[in-house]
Amino acid sequence: MEILVCIKQVPGTSEVEVDKETGVLKREGIDSKMNPYDLYGVETAVRIKEKNGAKVTVVSMGPPQASEILQEAFMMGADEAALFTDRKFAGADVLATAYTIAQGIKKVNIPDLIICGKQTTDGDTAQVGPELAEFLGIPHVANVTKIIEVTDKAVTVEMDMGHSVEIVEMLYPCLITVEKGINVPRLPSFKLKLATKGKKIPFYTLNDFEDKDEKKYGLNGSPTRVLRIFSPEANSDREMWTGTGEELNAKLVKKLKELKFA
């Protein structure tokens with residue numbers, strides 16, 4: 001069985017500036033880490049490997065330094081890795097990102113099972129996983145909270161539908177996105193760090209892909225733009241009221257109407 005996990009390097013701080021011209025985050029010179037949701041994806045893959053036997057490959061799209069999180073995945077139990085990196089991929093929105101990763105996976109090899117974290121902390125869209133599955137033409141399930149059974153032909157999972165829980169069986173190849181509650185990610189192993197030290201990670205650029213149309217990647221392939229990112233404004237204004245219950249009730253109703261909450 002072959003499992004592929006998609007991971008991403010995200011800013012390690014919330015203090016990130018936005019390029020006024022392109023509307024994308026300025027990632028240069030800031031501390032980065034593996035997207036927290038992706039840790040659950042890697043852990044899910046490694047647990048399946050330990051129980052059922054599998055080869056686990058991790059892939060990421062980003063600048064060359066994103067290889068750091070691929071090395072971290074090795075220390076968690078991943079077997080192989082690949083990085084899709086090219087300046088022409090920069091500034092991609094969710095659609096262009098999903099298309100790029102899909103092209104990269106086709107180059108590496110479409111596995112039996114693809115696992116993604118539910119979302120990333122620098123975007124919070126939860127769209128890349130499902131869009132990736134659509135580009136690859138495979139079935140997918142989002143918000144997976146439990147792996148029930150893994151066989152040679154299919155995977156059975158439990159997914160959170162908000163007001164209900166559904167159990168789904170999917171034949172391979174397929175894709176799932178996992179929730180935080182699915183497991184507790186292990187700490188990186190020092191033993192595996194030593195064993196995988198110097199392990200080469202192949203880099204793939206646009207020239208390696210089947211589709212080399214630059215209009216489908218990066219800013220050129222992104223139909224959406226981030227116009228503004230800002231922190232919520234803190235409001236510490238407060239009022240102290242006194243009076244009878246009826247008077248306070250009337251004041252509260254009036255205030256709610258003024259604030260357009262009623």
Side-chain angles (χ1 to χ4, degrees), residues 6-27 30-41 43-44 91-98 115-134 139-148 157-168 175-185 219 221-262:
C6 298
I7 64 177
K8 184 182 181 182
Q9 189 177 55
V10 297
T13 173
S14 59
E15 301 299 324
V16 183
E17 296 182 0
V18 178
D19 189 301
K20 294 181 179 179
E21 294 185 3
T22 62
V24 300
L25 298 179
K26 293 182 179 180
R27 302 176 185 271
I30 61 173
D31 293 332
S32 299
K33 62 181 180 180
M34 188 189 302
N35 175 49
Y37 281 95
D38 296 342
L39 291 169
Y40 298 90
E43 178 65 27
T44 299
D93 68 356
V94 291
L95 188 69
T97 295
I115 302 176
C116 302
K118 175 186 175 182
Q119 62 194 56
T120 60
T121 55
D122 61 349
D124 290 329
T125 64
Q127 294 179 23
V128 171
E131 288 181 358
L132 171 58
E134 290 297 314
H140 61 89
V141 167
N143 306 326
V144 172
T145 55
K146 185 178 181 180
I147 305 293
I148 297 176
V157 300
E158 182 180 284
M159 62 176 178
D160 181 5
M161 297 295 289
H163 298 292
S164 64
V165 173
E166 291 191 16
I167 295 176
V168 179
L175 180 148
I176 63 173
T177 70
V178 297
E179 289 273 11
K180 279 187 175 182
I182 193 169
N183 55 48
V184 177
L219 281 173
S222 301
T224 59
R225 295 286 192 279
V226 176
L227 298 180
R228 185 186 176 204
I229 294 180
F230 59 94
S231 300
E233 297 181 2
N235 187 347
S236 58
D237 295 343
R238 58 182 178 177
E239 299 178 23
M240 296 292 292
W241 296 340
T242 58
T244 65
E246 291 182 357
E247 292 172 341
L248 293 175
N249 182 64
K251 287 183 178 181
L252 180 59
V253 172
K254 181 180 178 182
K255 189 65 177 180
L256 289 173
K257 288 182 178 180
E258 290 176 359
L259 296 174
K260 301 187 183 300
F261 287 132

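By convention here, the first residue in the shown sequence is residue 1.
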Do side-chain atoms of [X] reach the backbone of [Y] as a donor and acceptor pair under 3.5 angstrom?
X    : Y    : answer
N143 : K118 : no
T177 : G117 : no
D93  : A96  : yes

Shortest non-hydrogen separation from [X] to [Y] and the atoms involved:
X    : Y    : result
E131 : A98  : CB-CB, 3.7 Å
P36  : T121 : CD-CG2, 3.7 Å
A92  : T97  : CB-OG1, 3.5 Å

Could you check if a side-chain atom of [X] sits within less than 4.5 angstrom of a side-chain atom of [Y], using non-hydrogen atoms only?
X    : Y    : result
N183 : T44  : yes
V184 : E43  : no
V157 : I147 : yes
V128 : C116 : no
M159 : E179 : no

*asked:* So for atom CD, which belongs to E246, do other residues, nucleotides or ligands contribute more than 12 heavy atoms lying within a distance under 6.0 Å?
replied: no
_Neighbour count above 12 (heavy atom, 6.0 Å) for K254 NZ_ = no
Gap separating the [atom1] atom of [X] from the [atom2] atom of [Y], nearest 0.5 angstrom:
X    : Y    : atom1 : atom2 : result
N249 : W241 : CG    : CH2   : 10.0 Å
I115 : I7   : CD1   : CD1   : 12.5 Å
K255 : E239 : NZ    : CD    : 4.0 Å
S32  : K8   : OG    : NZ    : 10.5 Å
T120 : Q127 : OG1   : CD    : 10.0 Å
Y37  : Q119 : OH    : CD    : 4.0 Å

*Does the side chain to side chain contact (heavy atoms under 4.5 Å, CB included) test come out yes or no for V144 and E158, once each step is laid out?*
CA-CA 6 Å; V144 172; E158 182 180 284; over 6 Å; no
